[in-house]
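Below is one structure; the comments refer to it alone.
Protein chains get the first letters and strands the later ones, always in sequence-line order, with residue 1 at the start of each.
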There are 2 protein chains.
Amino acid sequence: MRATRRNPARASASARSAAPPTDRVVGHIRRLIEGHRLKPGDRLPTERELARDMKVSRASVRSGLQSLSAMGVVRSRQGAGTFIQDGPPSLDSQPLGLLAALHGFSSEEMFEARGVLEVGVAGLSAQRASGEQTATMAEEVASMFAALNDPHTFLVHDVRFHRAVAAGSNNPVLAALVEMTSTLLFERRRTTIERARDLRESAEMHRRIYLAIRRGHAETARTAMAEHLRLAEEALAVEDALAATRAAA
Amino acid sequence: MRATRRNPARASASARSAAPPTDRVVGHIRRLIEGHRLKPGDRLPTERELARDMKVSRASVRSGLQSLSAMGVVRSRQGAGTFIQDGPPSLDSQPLGLLAALHGFSSEEMFEARGVLEVGVAGLSAQRASGEQTATMAEEVASMFAALNDPHTFLVHDVRFHRAVAAGSNNPVLAALVEMTSTLLFERRRTTIERARDLRESAEMHRRIYLAIRRGHAETARTAMAEHLRLAEEALAVEDALAATRAAA
DNA sequence: GCGAACGAGTGGTCAGACCAATAGTCGTTC
DNA sequence: GAACGACTATTGGTCTGACCACTCGTTCGC
């Protein structure tokens, strides 16, 4: 038989440590979170402590933490420590961004996905948003009207408005998904927003969405959001065309 | 003077290397992908090569690749190499899973998010799914009927059906989002599926969704999907209750 | 010809050291 | 006494070099 190797001891006894060190670290932190022994904002043990306690090298600890960091679960600050990410849940949009680059997601596809998500979210938001939440939306709409001559500022409030609508759904899962997709298009549009032509129309659309939500008209809110996204997609196409024209010159 | 110290040359000449090594590695790979010099399935240069070419340590290269791996952009196989992830684009569901644990997403919230996504997807799928795509759905439905007495197998085909519907939308962004959320609930339900009572009803619902999509009836497909998810949510609640009862005994 | 053994190459882990940023401590100064 | 500033222990970030575990193409033996 030779007993040449393979995994030493697997079936019985000592059921642990079958997994590679990096995975053990991720699982360890994960269990701490799921067991509510680590809450958002909490500081993790230092890398050196984790390495000692788990009997792995610090390199493996760092490897695991690097994964968690990429997923947006923790955040490390040199000299201070590693902390559980707090604030509103939000998948880092970087993953989707890279996948977008990798598979060449088109703007049409992005807008369509946004449409499916945000139209539904607008409906839910109309049914549930609190007064405070609708007030936030109102503020962003006002800021948009105030920034009609400053495209970059306008865009910032645009994104914040959509975030506020998502928050109004009071569903953190949906809010995280909306955040992810809208951030992505934000990155994209930031480079072309200077060529936007009709910000007033866009602001007006946002105002109509806000009014529908505030009045609790779910279907009206859904329709307005759908219409808004349709126009926004057209606007982006126009801006792209202008950018392409200029590039050719 | 001693000349010990600090970063040699920063202001002028050699304008690069401002960013930390790990970020440089991520950016480097990202540029390779965005410049289409790396396609899905391609093999990356070895870690030692990257380290040499970029003039950073292998540890930093590994750090960057670890991030990309956590995002599902690349995948490393010991002894073979590191490859750009191919296959259908799919965010690793692990990020959402950890966020779910971290913020305590409830089943209701998950189902609601699924509802918003998949109802919309069902409508799009009815409008666009190819014959091959609907055929895949039909196969999964058939497999579900064949597995009425085997809950675990049933559940596998259940998930695959929803994946097939998402594929039918022909929108990779939506497909990735659906994949992420449904995988999450799959993990959850796998532990309670044994207590399911009425798989036949569930299979029948899936069949109705399939028929609506095949016939191109978008609104019917949306309604059927919404109804299905509503029933599935109830079923999960019942299974949970049973599990809780048994646990108490 | 074909399977088994080999070995170069690759990612995974370990060890120890040093660098860089942080945050608390303690003294100085006004 | 309060505010400011240098000092220092602590912590994450990087580097180095070594070894391990696995993969896969090659080569050897039958």
Considering only side-chain heavy atoms of A:Gln78, which listed nucleotide, D:dT23, C:dA20, D:dT16, is closest?
C:dA20
Residues B:Val165 and B:Val121: closest non-hydrogen pair is O-CG1, 3.8 Å
Under 4.0 Å, heavy atom to any atom of DNA chain C: which of residues 42-51 of chain B qualify?
B:Arg43, B:Thr46, B:Glu47, B:Arg48
Taking everything shown except B:Arg128 itself, do over 12 heavy atoms lie less than 6.0 Å from its CZ?
yes
Within-4.5 Å side-chain heavy-atom neighbours: A:Phe105 and A:Leu184
no
Determine whether B:Arg31 and B:Arg37 make a side-chain contact, defined as any pair of heavy atoms from C-beta on separated by less than 4.5 Å.
no
Closest to side chain of A:Arg58, choosing from C:dA17, D:dC15, C:dT13:
C:dA17
Distance check: side-chain N/O of B:Ser76 vs OP1/OP2 of C:dT10, anything under 4.0 Å?
no
Measure the spacing between CG of B:Leu68 and CD1 of B:Ile33 and express it to the nearest 0.5 Å.
7.0 Å
Toward the 5' end of DNA chain D, which comes first, B:Ala59 or A:Gly81, by nearest nucleotide?
A:Gly81
Please give, in whole Å, the distance from C:dT13 C1' to A:Gln66 CD?
16 Å
Could you tell me which non-hydrogen atom of A:Gln66 sits nearest to which non-hydrogen atom of B:Ser67, and how far apart they are?
NE2-OG, 3.0 Å
Please state how far atom CG in A:Asp23 lies from atom P in C:dG12, giving the value in whole angstrom units.
10 Å
Check the distance between C:dG9's P and B:Phe83's CZ and give it to me in whole angstrom.
17 Å
Smallest heavy-atom separation, B:Ser182 atom then B:Glu118 atom, equals CB-OE2, 4.2 Å
From CZ of A:Arg62 over to P of C:dC14, roughly how many Å is that when rounded to an integer?
15 Å
Is any side-chain N or O of A:Arg77 under 3.5 Å from a base N or O of D:dG13, one able to act as donor and the other as acceptor?
no
Contact class for A:Thr82 vs. all strands (heavy atom < 4.0 Å): base, sugar-phosphate, or nothing?
sugar-phosphate
Pick the nucleotide of DNA chain C nearest each of A:Pro21 and A:Ala80; which residue has the one closer to the 5' end?
A:Pro21
For B:Arg75 and C:dG12, give me the distance from atom CZ to atom P, rounded to whole Å.
10 Å
